[in-house]
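Single-structure report; data block below.
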Amino acid sequence: MESLLYILFSGVVIGIFISAPMGPIGMLVIQRTLNKGRGSALCTGIGAALSDIFYCLLTGMGLSFVTDFIDTNRNILQVIGSFVLILYGIYLFKANPSRALKPPTKNDNTYWRDFGTGFLFTFSNPLILFFIIGLFARFNFTNSSYQFYHYIIGYLSIAAGALAWWFVITYFVNKVRGHFNVRSIWLINRIIASILIVMALFGFVHGIYNLIYHG
């Protein structure tokens, strides 16, 4: 029972830690909460959480060839992922926020698209795998004494922690959504887009530099 409680607790904490860093996906979730409503933002967060779970499963299964592939091709993957973020940042910078104050309408196609972009944006950063490895080591998540059911509970707990984080973030951002007018949302869009572009440019240049000078 004690080991079950521990892996339950550690799984939730790992899920939160993986999702909490306010990187591109976090900014994307905030922007979509303000512009498209909480449902769209939650779908984006769920997509990101699913990608995180996928990498957690790879780590837990000990697929060394995957980590070797990522380590060997990390610069190419960083360049590709950064390029995608640059394109999205440019799109967001030029986007018209005038529809942001309209009540969000349910659109299954849009929700699926939001889910897909959340998954792909997170999946395009496989270097998170090494962060997950560190978390697994810190919380002794792959203890040799654990049984199969321990890991089922553990991975479900990671998913719960990640989803709880996005639920809380979208809840609080949605609460202040009504206090923004078109101009303020336009400004937030451009600030977030600029940060995304700068972060992506840094990753792009860093990846190109490493490809040139380190192969």
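Atom-to-atom distance recorded for Ile152:CD1 and Ser157:OG is 11.5 Å, nearest 0.5 angstrom. Asp52 CG to Phe119 CZ: the interatomic distance, rounded to the nearest 0.5 Å, is 9.5 Å. A distance of 8.0 Å separates CG in Leu163 from OG in Ser19, rounded to the nearest 0.5 Å. Distance check, rounded to the nearest 0.5 Å: CZ of Phe54 to CD1 of Ile132 gives 10.5 Å. Distance check, rounded to the nearest 0.5 Å: CG of Leu4 to CD of Gln147 gives 10.0 Å. Interatomic distance, OG of Ser51 versus CD1 of Ile46, reported as 14.0 Å (0.5 Å rounding).
Side-chain polar atoms of Thr33 and Arg38 form no donor-acceptor pair below 3.5 angstrom. In summary, the side chains of Arg32 and Thr117 do present a donor paired with an acceptor at a separation below 3.5 Å, with no hydrogens or angles considered.
Under the 4.5 Å side-chain heavy-atom criterion for grouping Ile, Leu, Val, Met, Phe, Trp and Tyr, Val12 is not connected to Phe167 through any hydrophobic cluster.
The shortest heavy-atom contact between Thr170 and Ala41 is CG2-CB, 3.6 Å. In terms of heavy-atom proximity, Leu8 sits nearest to Ile153 at CD1-CG2, 4.1 Å. A pairwise comparison of heavy atoms in Phe123 and Tyr55 identifies O-OH, 2.8 Å as the closest pair.
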Item to check | side chain to side chain contact (heavy atoms under 4.5 Å, CB included) between Val13 and Ser10, worked out | outcome: CA-CA 5 Å; Val13 173; Ser10 60; 5.6 Å; no

